[in-house]
Engineer: 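Got a structure for you, questions after.
Residue numbers begin at 1 in each chain, while the letters A, B, ... track the order of the sequences. Bear in mind the structure is a predicted one, so any value in this text is a computation, not a measurement.
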Amino acid sequence: MRFEAPRSVEEAVTALAGQTGAHVLAGGTDLLVKLRSEMIEPELIVDIKRIKGVREIAAEKGGWRIGAAVSGAEMGEHAGLVADWPGVVEAAGLIGSTQVQGRATLAGNLCNASPAADSVPAMVAAGAVARIVGPEGTRDLAVIDVPKGPGKTALARGEFIVSIFLPAKAPRSGDAYLRFIPRTEMDIAVVGCGISLSLDEADRVTAARVALGAVGPKVILVEAAAEAIKRRVLDEAALADLAAACSKAATPIDDKRGTVDFRRHVAGVLARRAAVIAAARAKGDKA
Amino acid sequence: MALDDSNKTRVFKVVGTRPDRPDGIDKVTGRARFGADMVAPGMLTGRILRSPHAHARILRIDASKAEALPGVKAVVTRADFGDVPDHVADIMENCMAGEKALYDGHAIAAVAAISPAVARQALRLIEVEYDVLPHVTDVDEAMKPDAPVLHEGRQQETVPPGMSQNVIARSEFGHGDIEAGLKQADRVLERTYRTAATHQGYIEPHACLATMSADGQGDLWVCTQGHYMVRNTCAAILGLEQGQLRVTASEIGGGFGGKTTVFLEPVALMLAKKSGRPVKMVMSRSEVLRATGPTSSTSIDVKIGMRKDGKITAAYAELRYQGGAWPGSPVNMGAMSGFAPYDLENVKTVGWDVVTNRPKAAAYRAPGAPMAAFAIESAIDELAKGFGLDPLAVRLMNGADEGTKSSYGPTYPAIGLKATLEAAHKHPHWTAPLGKNQGRGVACGFWFNFGGDTCVSLNVTPDGTVTVSEGNPDIGGSRASMTMMAAEELGIPYDQVRTIIADTGSLGQNEVTDGSRVTFAVGLATIEAARSAKREMCRRAAMIWGIDEQAVEWEDGAARPAGPNAGKFPPMTIKEIAAVASNTGGPIAGHHEVTAEGAGVSFATHMVDVEVDPDTGATKILRYTVFQDAGKAVHPSYVEGQFQGGAVQGIGWALNEEYIYGEDGILQNAGFLDYRIPVASDLPMIDTVILEIPNPGHPYGVRGVGETSIVPPLAAVANAVSEAAGVRMTQLPMSPPRVLAAIQAGG
Amino acid sequence: MVKVLLWGSLADLAGGAREVEVEADTLRALLDGLARDHPGLRSELSRGISVSIDGRIYNDSWFTPITPESEVVLLKRLQGG
Amino acid sequence: MSRIHVTTTINGDATEFLCEAEATLLDVLRDELGLTGTKEGCGTGDCGACSVTVDGRLVCSCLMLGAEAEGREITTIEGMATGERLHPLQKKFIEMAALQCGICTPGILVAAKSLLERNPDPSEEEVRYWLAGNLCRCTGYDKIIRAVMETAADMRRAS
């Protein structure tokens, strides 16, 4: 196995495209576990952290461009990003321990393509877009279209994600992400739910995106859940409809982390709770 | 000097204080050397190939390609060991499979190579041909007559005919007449409880470094709870003389019973022997979970009759414990301990020892007792609450006391159960208000506590300071306790004594650090060693003074003339006596070798408040208080630490920890990600109340404290969760899916 | 003679008696006497047992004194963790 | 296999080492540099025993390649005391019996120090969540949390 730490996107693309069994290293919190357990045996590891700009959070068109090597801890320390997309920041902040937070990245969480990735439902709810570079140049792809199934992504050979873009936050909008785990920390999500919504002056929902994690082979954007609350004030009835839509949309499996029934039910519970937080944020309440 | 000191009136100077532990600085600076921290020149890396099958016949092992790989210095399979004595045959089988692989992770072969990478590659080159057999991992399934059989011919004569060969033994304990007792009850509760297998979960994986010379001399550095056990077991397996194998215990990063046997050690010695080089072996976490440790999973039927005033009229339990792939689950201890807190006229327990295709159960803190307590304390709680009675009052009404004939036979001397219950009853925790979705649970627990072979050597240096050598690895501050007891007995300051853990060449046989024995037994031997040194120092002073040695007494670190000579000479301090030791007969030492018997039993009552989220089934521990009898707390901080640590391990067992096997018999959660031990944010502070009912079998009244604390929490948490959720939980772990399903089914 | 209390399933092996009497003044004499007088107990005795004498548990000490007044209870061999 | 040459700073000392591409920083610290105070409990980032700081950021050294250390500043448990002067956390851990077996202690001390550098006045909940990635099986965490809180209070008073 070889190790390279290129200084430019071009060098990185050349290295990745020129070698079968090449893996990208950003935070490394998934890659090194796989390496250690002999799940993968790379020929080449390309550390992208020394590429200019990948460790930066930059303002762009009213939104934020987050470099592929920005860690969860760095996101949590960025006041502007926290103010606009607290749900995404919290979701990233739920990945692993404090130690893992020092390294783990949004891009890595996305490319690992785990159905249970915490940041992905939050990014999907936020309408995030991944910027992908590769031998054919640069392209932008909605985050929801990046994972294709467990461990599978839409990235071609030689391609990697160089940044994630979170769009400008609309007025009177807010986002939130909640997950369920058996302990209070250190677990993989049994169910995750990200919600982004906007309210009018009468607190009626004008726009909403609801995404579920860990209840299907990849993140699920639940259109029916968004429809269930649009044009409504988030009262008990609306929240119940939201929860029901999420439970219905979930297509989970039984495994060591949870059962089908549990996941379906809790998908609704989390959606309801996350919606309340997102709505409070949209109203400007401290939450 | 008699053992039975008047310890009730004794005023201690050092014992009962909280000095800094002697190994503290090493452990906060990273200097302390644990199992994996040792190196030797020319050292090789040893690694083990493990079975990917739960149950398979090993048809052929071809290691020729691995042996041919450059950098590979030795390959070992079972064939290298030959026949071993009967008493270590099962241990040998567990360390290296013979004819069959009996569980996922069972060791099949091992290599020693010049680097971890070469060793890894070599393992892949070993070809093993398996005939995969049907497997069974569940205890109730394994008892069925048509279950796949692990061993033929191991069933004991206690098992009725016609049962599966997986049922190894049946045992029965108790007294009185259950049927007659049940007739006097106003209610008879019958329930079946189940608990999952859990792992000791020590943070330090097993590790050792072995060297072995052609002349049969070996050295082993190892993290273990008992290096004398390692020596004796390895010597038996490898056909060595015990005296030729020197084992040195590293610092040990937790054990909780899981390091009371060997796994890697005989293999490392064999690799070292074949390669002629030192071999270091360190397990990965996944190996630790797949192939060491766990405790039994259990299935327990309880039948208890209670009068409406709370009096238990009859108590019966049938306990089925699977102990993994070989006989020896801790079911007997469960069957003997479960009803031990109670004074019962009619009590009976039946225990079944069952084998399954899982790793061999190792001891885990009060082996067998927590599961039995979970079942029995849950049933008592349900009955008490059903009658609208105070569950603490019901336990007090039925509680065992001095003179009670215990459920396992003996009559109790002075014991502390009722003291723990009374302390719990008057503690503010008991009457604190509870909120919505919250519940409070209590439970009692019992443990026997052990003694065993123990040696301590105490030397007075020429400057009058003292070294204590003992043979039990310090797993949680025992060096401090020994130092304190030596200082107490000698009447000198704590900082004048240093305690070390000696290797197997330096002391006689020592039982492993288990059974909560160390502070009791090693403490007892330390005190006796100090007393023997004191007698010698009194004799030296008498020589100097020219008086009869009977007329000298020891007080506050000095020999003083007593009786008719009192005041005739100024006292001689330990330093003054030591300074002239060469002139009065030579170096001064005391030693004591004993099979310590007479460990006092110990009881605890735990109280816990929880909140259950009715929408997700998640449980939050809000408040926790441990009430336990310590006999005499030598170093109260470390006694509290034992209470707190045991409680939290029990909380993990109650809520989230479990071995999860797939249909294929493969362990699905062999890592700390999905084997979920409690993390800091899961818990509140764990309050402790230390009761001190002296053990008459120890000079200072000490009782073991390490194990009892894990016995009550499973039931205490279950009783609290059941109250909070409004539905009785009878299966562990009470993971959120299980609690939510129970709420939904019950509501 | 010393009265020895057997646990339930051990009693079955001794012909059903929960209590047997043995001529013994030490633990060793007790164990030898039990094996001699009750051959059915030998297999369990050889697997190792603990003995409670007046409420204290003994595993190995052969010459622990026993008197006719002692309360002697056989226990399954105990193991700690 | 050619080894990678890495120049880095460890506990303030300029350090060079050679490592295999797949060697983790933990492997390098323990096996190449003899800094065995950093422990391996799991190798998967789940136990925190291998905690170190890299450019002031708390990480698991088992989840970082040795090669990534190039040009970074790394601090391990061995760098916590100054000569014979213990860090206040180290002193408090001994005084309050916040360790039993001691295997998790180096990682917990490194993590707690990193917390107090960022937040000199953490709540109990903040300490518990910050340390959630540091498993301790012996203590039930009680005395650890208390020791960190008390050290924080002492350090606030002293500054």
Engineer: Using 0.5 Å steps for rounding, measure from the OH atom of Tyr58(C) to the OG1 atom of Thr595(B).
Structural biologist: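 Going from the OH atom of Tyr58(C) to the OG1 atom of Thr595(B) covers 12.0 Å.
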
Engineer: Looking at every heavy atom in both Ser171(B) and Ser9(C), which two are closest together, and how far apart are they?
Structural biologist: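 So the minimum-distance heavy-atom pair works out to CA-OG, 3.0 Å.
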
Engineer: I'd like to check the side chain to side chain donor-acceptor pair (under 3.5 Å) partners of Ser61(C); sequence neighbours left out, ordered by chain and number.
Structural biologist: Glu597(B)

Engineer: List the residues meeting salt bridge (charged side-chain N to carboxylate O under 4.0 Å, His left out) with Arg47(C), not counting sequence neighbours, and say none if there are none.
Structural biologist: Glu157(B), Glu44(C)

Engineer: Please state whether the side chain, the backbone, both or neither of Thr158(B) comes within less than 4.5 Å of a heavy atom of chain C.
Structural biologist: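 Just the side chain, heavy atoms under 4.5 Å.
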
Engineer: Give, as side chain, backbone, both or neither, the part of Arg365(B) having an atom under 4.5 angstrom from any heavy atom of chain C.
Structural biologist: backbone

Engineer: Could you report the tightest heavy-atom contact between Lys405(B) and Leu5(C), atom names first, then the distance?
Structural biologist: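 Looks like NZ-CD2, 3.0 Å.
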
Engineer: Who are the side chain to side chain donor-acceptor pair (under 3.5 Å) partners of Asp353(B), not counting sequence neighbours?
Structural biologist: Ser329(B)

Engineer: Are side-chain heavy atoms of Leu75(C) and Pro410(B) found at a separation under 4.5 Å?
Structural biologist: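 A side-chain contact exists here, since the closest heavy-atom pair is under 4.5 Å.
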
Engineer: Mind checking whether Lys76(C) and Phe173(B) have side chains closer than 4.5 Å, heavy atoms only?
Structural biologist: yes

Engineer: I'd like to verify something: which residue of Ala362(B), Gly598(B), Gly452(B) has the highest number of heavy-atom pairs under 4.5 Å with chain C?
Structural biologist: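 Of the candidates given, the most pairs with chain C belong to Gly598(B).
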
Engineer: Any idea which of Thr64(C), Val72(C), Ile57(C) has the most non-hydrogen atom pairs under 4.5 angstrom with chain B?
Structural biologist: Ile57(C)

Engineer: Going from OH on Tyr408(B) to CG on Leu78(C), what distance comes out if it is rounded to the nearest 0.5 angstrom?
Structural biologist: 8.0 Å

Engineer: If I measure from the heavy atoms of chain C, does Ser406(B) come under 4.5 Å with its side chain, its backbone, both, or neither?
Structural biologist: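 For Ser406(B), neither part sits under 4.5 Å from chain C.
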
Engineer: Just wondering, more than 12 heavy atoms not from Glu593(B) lying within 6.0 Å of its CD?
Structural biologist: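 Yes, the 6.0 Å shell around CD holds more than 12 heavy atoms from other groups.
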
Engineer: With chain B as the partner chain, list the residues of residues 22-37 of chain C whose heavy atoms fall under 4.5 Å from it, by residue number, and write 'none' if nothing qualifies.
Structural biologist: none

Engineer: Please classify the contact of Glu511(B) with chain C as side chain, backbone, both or neither, using a heavy-atom distance under 4.5 Å.
Structural biologist: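 Nothing of Glu511(B), per the 4.5 Å heavy-atom cut-off to chain C.
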
Engineer: Can you find a pair of side-chain heavy atoms, one from Val601(B) and one from Arg56(C), that are under 4.5 Å apart?
Structural biologist: no

